[in-house]
Amino acid sequence: MQRHRHRKCFVTALLIIYAVLSPVRNALGTPDVLPSDGTYTLAQLVEWALRHSELAASHRARAEERRHAADQARTWPNPAVDVSGGRRRTGESSGPLYELGLSQPLPLFGKEGLRGEILQLDSETWRVRQTAAKTGVALEVIRLGYEVAFQGRKAKLFEARQQRFELMRAYMAGREEFVAPQQKAESRLVEQRLRRLVSEGLQAQAALRASFEQLKIYVVFAPGHYPMIEVPWLAGTKSLDGKEWADRVTGNNPALAMQDLSVKSAGLEKTLAGREALPDLSLRAFYDEATAGETERNAGMGLSVGLPFWNRNQAGVKSADQRVIAEESLLGFQRRQVQSDLARVLTEYDSARRVVAEYPRLLLSELEAQLKETEEEFRKGRVDLLTFLEFENEVAETSQKVLDAQFVLVSKLLELLALSGERDPISQLASFEERGPAQ
């Protein structure tokens with residue numbers, strides 16, 4: 001009983017220590033689930049996503065699998081032992097017969113080494129896939145971070161517009177002079193505009209929810225409210241050097257790197273196919289002993305050589321040769337495709353940054369101030385309703401264009417970083433950031 005009580009106290013003490021140290025552990029490390037009511041930077045989200053990425057972990061395990069397989073393929077084959085027994089009869093005499101044989105395959109033509117090199121290239125391919133997966137996860141988290149942040153701002157924009165029209169409807173309903181057909185039509189116009197805003201607000205909330213659910217594929221949040229995501233605003237003033245980016249893409253594009261490894265692997269397979277026609281050699285040693293009146297012992301060594309009469313692997317060599325042609329042709333096509341994609345994205349990036357210059361971030365605060373001023377003038381009767389409604393609609397559309405222009409610019413920049421296989425997209429993104437106070 002006393003021992004049971006001590007054990008119970010010990011377990012309780014361990015639980016208390018774990019509860020006390022858990023917040024410290026989460027503060028020092030990366031928690032498994034992020035609180036949904038927090039504020040996060042893109043760097044924090046990317047760091048969390050990369051640390052918990054099952055896709056990168058899978059590719060890393062594949063690379064290790066191929067590396068160990070390559071080591072195994074280079075290993076010499078095991079020797080074989082043959083033991084047999086029987087009886088030997090000579091005339092009327094008979095006695096026991098024993099035979100012992102030992103054979104050792106001799107990999108003299110480098111086939112095992114070639115198989116190991118092919119698997120090693122496969123391992124390197126999975127390493128490239130792992131790096132590309134980490135880059136892809138980081139870029140997708142950045143893109144979705146912007147999408148969630150901007151969808152949230154759009155949802156708040158619709159919410160503010162709904163509140164504005166609710167107040168306007170109450171204001172107009174309280175005015176007794178709204179009895180003429182013109183006033184009735186204006187009141188009905190406000191009602192219909194409010195109905196449309198409610199519908200668009202619901203769609204904005206749905207878009208926000210959809211973007212957030214996509215982000216949760218990579219970053220797991222605790223149930224609750226939407227988190228605040230701080231995203232850098234791109235200035236759109238930085239032009240890009242096409243030659244510089246062409247060199248970066250040519251040297252670091254993951255698709256080209258993997259295809260280049262496929263070409264090398266095909267070349268090794270062609271070499272291996274040519275050597276498969278060479279006969280396999282085995283060194284053999286034997287010893288036998290038989291007793292039939294007299295004891296007879298025999299020992300010797302020999303060399304076993306396969307005769308390539310029926311199979312000289314001619315079709316295998318032709319098959320490997322065609323694979324080399326196929327992989328080299330695909331590499332050439334992919335290079336042209338990447339160059340075309342780069343030229344397209346550079347053009348679209350330049351167009352997007354020009355649009356951002358027409359819709360800068362400062363425009364949002366300016367429009368908000370102008371809208372407040374116009375609304376006050378409307379309430380004073382110095383601006384008619386139709387003019388105010390038209391101006392309010394233009395302000396809303398322009399505000400959305402500011403956000404859309406920024407998101408398109410971010411998307412094009414992320415495409416460039418994906419083409420160049422950028423391993424630190426957060427730092428690259430910071431170099432395009434607009435300097436100045438947040439709006």
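Every value quoted in this text rests on a predicted model; they were computed, and no experiment measured them. The residues of the chain are indexed from 1 along the displayed sequence.
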For [X] versus [Y], what's the shortest heavy-atom pair and its separation?
X    : Y    : result
T135 : R423 : OG1-CA, 4.2 Å
V33  : A222 : CG1-N, 3.2 Å
A277 : R312 : CB-O, 3.2 Å
L157 : A396 : CD2-O, 4.0 Å
L102 : P79  : CD1-CB, 4.2 Å
A255 : Q334 : O-OE1, 3.6 Å

Heavy-atom side-chain proximity of [X] to [Y] below 4.5 angstrom:
X    : Y    : value
E296 : E289 : no
T75  : E112 : no
F432 : L240 : yes
D71  : R74  : yes
S239 : R353 : yes
K154 : D404 : yes
Y218 : L45  : no
Q370 : V395 : no

Counting only heavy atoms not in [X] (residues, nucleotides, ligands), do more than 12 fall under 6.0 Å from its [atom1]?
X    : atom1 : result
K318 : NZ    : no
K134 : NZ    : no
R284 : CZ    : no
H225 : NE2   : no
E394 : CD    : yes
E65  : CD    : yes
Y98  : OH    : no
F333 : CZ    : no

Hey, does the side chain of [X] reach the backbone of [Y] with a donor-acceptor pair shorter than 3.5 angstrom?
X    : Y    : value
R88  : L97  : no
S329 : I325 : yes
S58  : E54  : no
K111 : L278 : yes
S199 : R195 : no
Q406 : L234 : yes
S265 : L261 : no
T131 : R127 : yes
S340 : R336 : no
Y40  : L34  : no

Side chain to side chain donor-acceptor pair (under 3.5 Å) partners for E140, two or more places apart: R143

Roughly how far, to the nearest 0.5 Å, is [atom2] of [Y] from [atom1] of [X]?
X    : Y    : atom1 : atom2 : answer
Q314 : S319 : CD    : OG    : 13.5 Å
K156 : L208 : NZ    : CG    : 10.0 Å
L403 : Y359 : CG    : OH    : 12.0 Å
L417 : L429 : CG    : CG    : 7.5 Å
T250 : K243 : OG1   : NZ    : 9.5 Å
L283 : S304 : CG    : OG    : 10.0 Å

Parallel, tilted or perpendicular: ring planes of W126 versus H59, cut at 30 and 60 degrees: tilted

Ring geometry between H52 and W48 (parallel below 30°, tilted from 30 to 60°, perpendicular above 60°): parallel

For [Y], is there an ion pair with [X] - N to carboxylate O distance below 4.0 angstrom?
X    : Y    : result
E368 : K372 : yes
R196 : E200 : yes
E415 : R344 : yes
K270 : E328 : no

Derivation and outcome, side chain to side chain contact (heavy atoms under 4.5 Å, CB included), residues L346 and L416: CA-CA 8 Å; L346 284 174; L416 286 172; 3.9 Å; yes

Row check, W245 ring normal vs R248 NZ/CZ: under 6.0 Å, within 45°: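 Positive - R248 is close enough to the ring of W245 and near enough to its axis.
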
Y349 six-ring face occupied by K412 cation (under 6.0 Å, within 45°):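 Geometry flag: not set, cation outside 6.0 Å or 45°.
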
Residue pair V355, L409: steps toward the side chain to side chain contact (heavy atoms under 4.5 Å, CB included) verdict: CA-CA 9 Å; V355 174; L409 179 62; over 6 Å; no

Residue pair Q337, D341: steps toward the side chain to side chain contact (heavy atoms under 4.5 Å, CB included) verdict: CA-CA 6 Å; Q337 187 178 41; D341 290 341; 3.9 Å; yes

Intermediate values then yes/no, salt bridge (Lys or Arg N to Asp or Glu O under 4.0 Å), K401 and E397: CA-CA 6 Å; K401 285 185 178 295; E397 290 186 0; over 6 Å; no

Side-chain donor-acceptor contact under 3.5 Å, T125 with D122: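 No, D122 and T125 have no side-chain donor paired with an acceptor closer than 3.5 Å.
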
Residues in side chain to side chain contact (heavy atoms under 4.5 Å, CB included) contact with R209, at least two apart in sequence or another chain: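 Listed in chain order: F212, E213, K216, Y226.
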
Check against side chain to side chain contact (heavy atoms under 4.5 Å, CB included), Q120 and R66: CA-CA 7 Å; Q120 185 62 43; R66 295 299 193 276; over 6 Å; no

Aromatic ring proximity F407/W233, centre distance under 6.0 Å: no

Candidate pair D424 and S427, rule side-chain hydrogen bond (donor to acceptor under 3.5 Å, both in side chains), full reasoning: CA-CA 6 Å; D424 189 9; S427 297; 2.5 Å; yes

